Amino acid sequence: MPDDNSSNFITDIIDAHNDSARFAGRVHTRFPPEPNGYLHIGHAKSICLNFGIAERYGGLCNLRFDDTNPAKEEQEYIDAITEDLRWLGYQWHDRVYFASDYFDQLYDMAVELIRIGRAYVDELTPEQIREYRGSLTEPGRESPYRNRPVEENLALFEKMRAGGFQEGEAVLRAKIDMSSGNINMRDPVMYRILDTPHPRTGDKWKIYPMYDFAHGQSDSIEAITHSICTLEYEDHRPLYDWYLDNIEIYHPQQIEFARLNLSHTVLSKRKLIRLVEEGYVRGWDDPRMPTIAGLRRRGYTPSAIRRFCEEVGVGKVKGVVALHKLEYHIRQDLNKTALRVMAVINPLKVVIENYPDDQVEQMEAINNPEDESAGTRRVPFSKVLYIERDDFMEDPPRKFFRLAPGREVRLRYAYFITCKDVIKDADGNVVELRCAYDPETRGGAAPDGRRVKATLHWVSAQHAIKAEARLYETLFSEEYPENDRDKDFTDFVNPDSLTVVDPIYVEPHVKSARAGDRFQFERLAYFVVDEESTAEKLVFNRTVTLRDQWRKAQKRAGKPAKRRRRRKAPQG
RNA sequence: AGGGAAGUAGCUCAAUCGGCAGAGCAGGUGCCUUUGGAGCACAAGGUUAAAGGUUCGAGUCCUUUCUUCCCUGCCA
């Protein structure tokens with residue numbers, strides 16, 4: 001956000017560069033996704049950082065797809081990433097680039113390194129290359145092909161390009177230092193042979209540059225000033241610098257920061273793709289996924305995600321941010337903007353005995369107490385209602401202030417009612433409440449000034465519309481599903497991460513809601529209309545529950561909130 | 001003595017040139033309420049990983065130690 005004035009170690013570096021005029025005061029960043037998966041909340045941090053810094057300094061931020069490995073990359077991902085970025089609200093105008101746009105230039109740079117004796121074609125097998133590389137504590141050995149004459153290397157590299165080798169038969173390597181403590185400097189591979197068509201260049205190339213040989217030069221070509229990446233590239237910076245220095249082209253500054261980790265989920269593409277392919281979720285945009293597409297479908301807003309990213313900040317310390325911090329921001333946002341509506345998820349029938357059989361009243365309700373301009377609506381009230389089953393206890397504990405036999409409570413925007421009788425089935429389950437209302441309390445206030453301790457939400461049984469609710473819990477039951485070395489993270493997938501309740505009963509006002517509309521079901525949670533909704537039936541995704549101090553109080557008292565246990569969806 | 005990096009409140013981050021260690025969230029207490037779930041107020045929370053040194057003064061500078069993380073793809 002442009003109004004974010006907080007400094008961090010990256011802005012300190014940029015300020016120093018500006019003071020020394022290293023980049024003549026320019027600030028130009030880039031967001032470089034590889035199109036091999038969907039964007040997730042961790043990418044959002046990088047996006048906010050790169051675009052945010054450009055904005056802050058009046059600079060630019062490019063979108064660049066890092067598409068150097070056609071074996072893994074697909075057009076589907078390019079499209080999805082573009083859509084997610086737009087949804088988050090960032091602008092790159094016409095500055096969308098592809099590393100593959102630079103394949104010709106990269107090839108020329110490679111030829112140049114061969115010419116000056118700093119690159120060679122190696123015909124060791126992949127296994128041999130691994131052996132020759134040495135280990136973390138032992139130096140590597142030089143390849144027998146390392147000192148071929150320039151002309152031979154030139155000819156061989158041309159043969160690689162022309163398809164004269166099979167995959168794995170030859171690579172182009174930089175000639176650096178096989179005894180370096182930094183393994184990335186032990187003659188890294190620059191080009192490998194891949195007989196795979198590329199989504200953008202088709203069959204033109206048989207050889208593809210490695211990340212290290214493509215990224216820095218792409219930054220250079222685009223005149224990037226600050227190339228911000230994650231911590232695992234710290235070891236690559238000497239190589240980033242080496243290529244630029246030896247090719248002798250404009251030299252941006254690579255800066256590494258700690259990627260985002262979030263509790264109760266995983267944020268690596270490799271793991272997310274497993275969740276999708278192994279069927280733990282319904283797809284990349286499953287509302288339980290930490291992907292941008294999943295969060296969008298879950299009902300998250302771009303501004304909540306952006307504020308979250310601003311709040312977690314940027315540093316070099318690896319840590320895990322608690323999921324509740326993300327939830328805090330979406331509640332904060334939705335509290336100000338979501339329309340309030342009444343809905344009953346787990347119904348208990350209430351009959352108002354002294355209310356006229358066929359009477360229907362339209363009660364005026366406030367759409368959003370946080371936003372007067374949202375106006376009011378009318379909610380039908382009649383003799384037979386549903387309230388939330390959790391809002392009644394036959395034998396309530398001391399601090400339970402809701403409905404109980406003989407007790408009076410308020411029905412929101414309607415009347416005070418008193419529970420007169422409890423009707424049970426043969427098994428002793430409560431199936432219906434017989435209540436009396438006080439006609440003097442219409443609208444919810446008593447002329448005699450008497451007060452009630454609770455206000456309940458309700459719907460009129462004959463007017464309520466039926467809908468489906470998808471209640472989500474965390475995707476993983478463990479806070480850190482990746483930290484058990486003996487178990488696979490999928491062992492910790494939460495079996496209760498999705499509970500479908502069908503039907504729930506919603507006040508008729510929402511009948512015309514459309515996919516993407518967000519509501520607060522009062523006293524329960526925020527919900528968003530899912531794209532699978534039809535004209536006949538709305539489907540609601542629970543974005544996040546309201547903060548629940550009753551449940552918290554129960555925990556504190558050491559009594560599990562028995563009546564609040566998640567119930568199974570009714571049949572049907 | 002393989003290379004690289006990081007240690008400040010429960011979590012995520014601040015702390016200008018060396019000058020009284022702060023904030024948000026979580027947790028706590030209380031107030032209020034026609035959402036008991038909104039809102040508000042208050043308090044608490046620290047041997048700045050440790051030891052030593054320089055200094056009138058060290059989270060910050062120097063030395064040593066400890067802990068944790070990353071690196072042996074023809075992935076990015």
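As the structure is a computational prediction, the values presented were derived from the model and not from experiment. We name chains A, B, ... by the order of the sequence lines, and we start the count at 1 in each one.
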Determine the interatomic distance between C1' on B:rA50 and the same-named atom on B:rU8; round to the nearest Å.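 To the nearest whole Å, 14 Å.
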What string of B, S and - do you get for nucleotides 66-71 of chain B 5' to 3' if you count protein non-hydrogen atoms under 4.0 Å? ---SBB
Take atom [atom1] of [X] and atom [atom2] of [N], then tell me their distance rounded to the nearest Å.
X      : N      : atom1 : atom2 : result
A:Q332 : B:rA26 : CD    : P     : 9 Å
A:F308 : B:rC11 : CZ    : P     : 16 Å
A:N8   : B:rG24 : CG    : P     : 19 Å
A:D19  : B:rC17 : CG    : C1'   : 14 Å
A:H457 : B:rG37 : NE2   : P     : 14 Å
A:R340 : B:rG37 : CZ    : P     : 13 Å
A:D15  : B:rC17 : CG    : P     : 11 Å
A:R547 : B:rC40 : CZ    : P     : 10 Å

Pair partner, [N] [Watson-Crick or wobble, under 3.5 Å]:
N      : result
B:rC42 : B:rG28
B:rU60 : none
B:rU67 : B:rA6
B:rA1  : none
B:rU47 : none

Heavy-atom nearest nucleotide on RNA chain B for A:A454 versus A:R270: which residue maps closer to 5'?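 Its nearest nucleotide lies further toward 5', so the answer is A:A454.
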Nearest to side-chain heavy atoms of [X], which nucleotide of [options]:
X      : options                : result
A:V189 : B:rG7, B:rC74, B:rG24  : B:rC74
A:R402 : B:rU72, B:rU35, B:rG37 : B:rG37
A:V317 : B:rU35, B:rC13, B:rG37 : B:rC13
A:S7   : B:rA15, B:rU35, B:rC25 : B:rA15
A:E311 : B:rG39, B:rA76, B:rG24 : B:rG24

So [X], base contact, sugar-phosphate only, or nothing? Heavy-atom distance under 4.0 Å.
X      : answer
A:R410 : base
A:Y413 : base
A:L334 : nothing
A:G319 : sugar-phosphate
A:E167 : nothing

For [N] and [X] - does any side-chain N or O of the residue sit under 4.0 Å from the phosphate oxygens OP1/OP2?
X      : N      : answer
A:R523 : B:rA38 : no
A:Y328 : B:rC25 : yes
A:R192 : B:rC75 : yes

When you measure only distances, ignoring hydrogens and angles, does the side chain of [X] come within 3.5 Å of the base of [N] through a donor and an acceptor?
X      : N      : answer
A:Y233 : B:rA76 : yes
A:E138 : B:rU72 : no
A:R186 : B:rU72 : no

With a 4.5 Å heavy-atom cut-off, do A:Q253 and A:R237 have their side chains touching?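 Heavy-atom side-chain distance check passes, below 4.5 Å.
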Check whether any side-chain heavy atom of A:I41 lies under 4.5 Å from a side-chain heavy atom of A:I305, and answer yes or no.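 Side-chain contact under 4.5 Å: yes.
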Indicate yes or no: does [X] engage [Y] in a salt bridge with an N to O separation below 4.0 Å.
X      : Y      : value
A:E167 : A:K206 : no
A:R402 : A:E388 : no
A:K336 : A:E370 : yes
A:K316 : A:E234 : yes
A:R64  : A:E34  : no
A:R450 : A:D438 : yes

Specify the glycosidic conformation (syn or anti) of B:rG73, with syn defined as within 90° of 0.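 In terms of base orientation relative to the sugar, B:rG73 is syn.
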Is the terminal nitrogen or CZ of A:K325 (NZ for Lys, CZ for Arg) located under 6.0 angstrom from the six-membered ring centre of A:F308 and within 45° of that ring's axis?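 No cation-pi geometry.
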Checking A:R148 against A:Y120: charged group under 6.0 Å from the ring centre and within 45 degrees of the axis?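 That pair does not qualify as a cation-pi contact.
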List in numerical order all residues of residues 65-78 of chain A for which some heavy atom is under 4.0 Å away from an atom belonging to RNA chain B.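 By residue number: A:D66, A:T68, A:N69, A:K72.
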Can you say whether the rings of A:F213 and A:Y243 are parallel (under 30°), tilted (30 to 60°) or perpendicular (over 60°)?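 Plane angle over 60°, so perpendicular.
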Measure up the A:Y211 and A:Y233 rings against each other and bin them: parallel (under 30°), tilted (30 to 60°), perpendicular (over 60°).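 Correct class here is tilted.
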